[in-house]
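One-based numbering, in listed order, for ligands and for the atoms of each.
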Amino acid sequence: MKILVVYYSMYGHIHCMAEAVAEGTKEVEGAEVEMYRVQETLPDEALQKMGALEAQKEFAHVPVCTVDKLAEADAIIFGTPTRYGNMCGQMRQFLDATGRLWTEGALVGKVGGVFTSSATQHGGQESTILSFHLTLLHLGMIIVGLPYSFQGQMRTDEITGGSPYGASTIAGGQGERMPSENELAAARFQGKHVAMITSKLAK
Ligand SMILES: Cc1cc2nc3c(=O)[nH]c(=O)nc-3n(C[C@H](O)[C@H](O)[C@H](O)COP(=O)(O)O)c2cc1C
């Protein structure tokens, strides 16, 4: 079974979460995972002004996804930073290129999940994931979140991302906070959970 982790990251938080999600999938026998980023759509000048050019070098080696890759997968786990409570434009543009897959029903019955990142605790993580789910449902995918069997989402002793909708991290206003151990554990859990359900469906 082939599982894709497809993401966009501007400053590295989602990249870091994506690696943990991929790690989690590998805990399930028979899971083969491939990581892809979606095409950057902003010009270098804008990225420079946003302080993202340097950060993006760290994951420039990750291949850019094509929509055809989606059709080859059994499960796809998407990662996007929050942009005003929604997915980022780069991801939106990528998904808007899946019209042919929609026409062909190529993603119907595949498992899908979403994880995210925002600057602030209440800056739109849940709305980002839930609104992303709409697109996955239109494509006919079976949505998998982060069940409460991941107990780490119950924590109140420290600031943490993670909700029944999916793993998440809080990056801080200046991007100064990297995913915590608990948030990475949530990402690994979601990856493993998606892989386990995909494996059951394959049987
Ligand atoms: C145009 C723009 C809009 C953003 N909107 C929000 C927002 O609504 N809520 C929030 O908490 N953070 C917001 N952020 C912060 C990003 O979500 C944050 O930089 C990102 O999660 C970091 O992940 P990354 O390092 O993978 O890019 C926004 C950032 C940009 C550039």
Tell me yes or no: between the side chains of [X] and [Y], is some donor less than 3.5 Å from an acceptor?
X: Thr116; Y: Thr128; answer: no
X: Thr160; Y: Asn182; answer: yes
X: Gln125; Y: Ser118; answer: yes

Starting from [atom], which protein heavy atom do you reach first, and at what distance in Å?
atom: atom 26 (O) of ligand 1; result: Ser9 OG, 2.6 Å
atom: atom 4 (C) of ligand 1; result: Thr82 O, 3.6 Å
atom: atom 25 (O) of ligand 1; result: His13 ND1, 2.6 Å
atom: atom 2 (C) of ligand 1; result: Arg83 CD, 3.4 Å
atom: atom 5 (N) of ligand 1; result: Tyr84 N, 2.9 Å

Problem - Contact with ligand 1 for Gly12, non-hydrogen, under 4.0 angstrom - result: yes
Linking I/L/V/M/F/W/Y whenever their side-chain heavy atoms sit closer than 4.5 Å, directly or via other members, would [X] and [Y] fall into one cluster?
X: Leu136; Y: Ile77; result: no
X: Val144; Y: Met17; result: yes
X: Ile197; Y: Leu107; result: no

Handout entry: Geometric N/O contact Tyr8 with ligand 1, under 3.5 angstrom
Key = no
Problem - N or O pair under 3.5 Å between Ser117 and ligand 1 - result: yes
Handout entry: Flag, side chain of Gln56 to backbone of Ser9, donor-acceptor distance under 3.5 Å
Key = yes
Practice task
Give the atoms of ligand 1, by number and element, whose distance to some non-hydrogen atom of Met10 is under 4.0 Å.
Solution key: 24 (P), 26 (O), 27 (O)
Handout entry: His15 vs Met10, side-chain contact (heavy atoms from CB on, under 4.5 Å): CA-CA, chis, key distance, verdict
Key = CA-CA 9 Å; His15 169 68; Met10 185 168 266; over 6 Å; no
Completion exercise
Heavy-atom proximity to atom 9 (N) of ligand 1 ranks first, among Gly123, Gly85, Ala119, Ser118, for Gly123
Exercise for the section: Could you check which of Met50, Met17, Gln56, Gln121 puts a non-hydrogen atom nearest to atom 31 (C) of ligand 1? Expected result: Met50
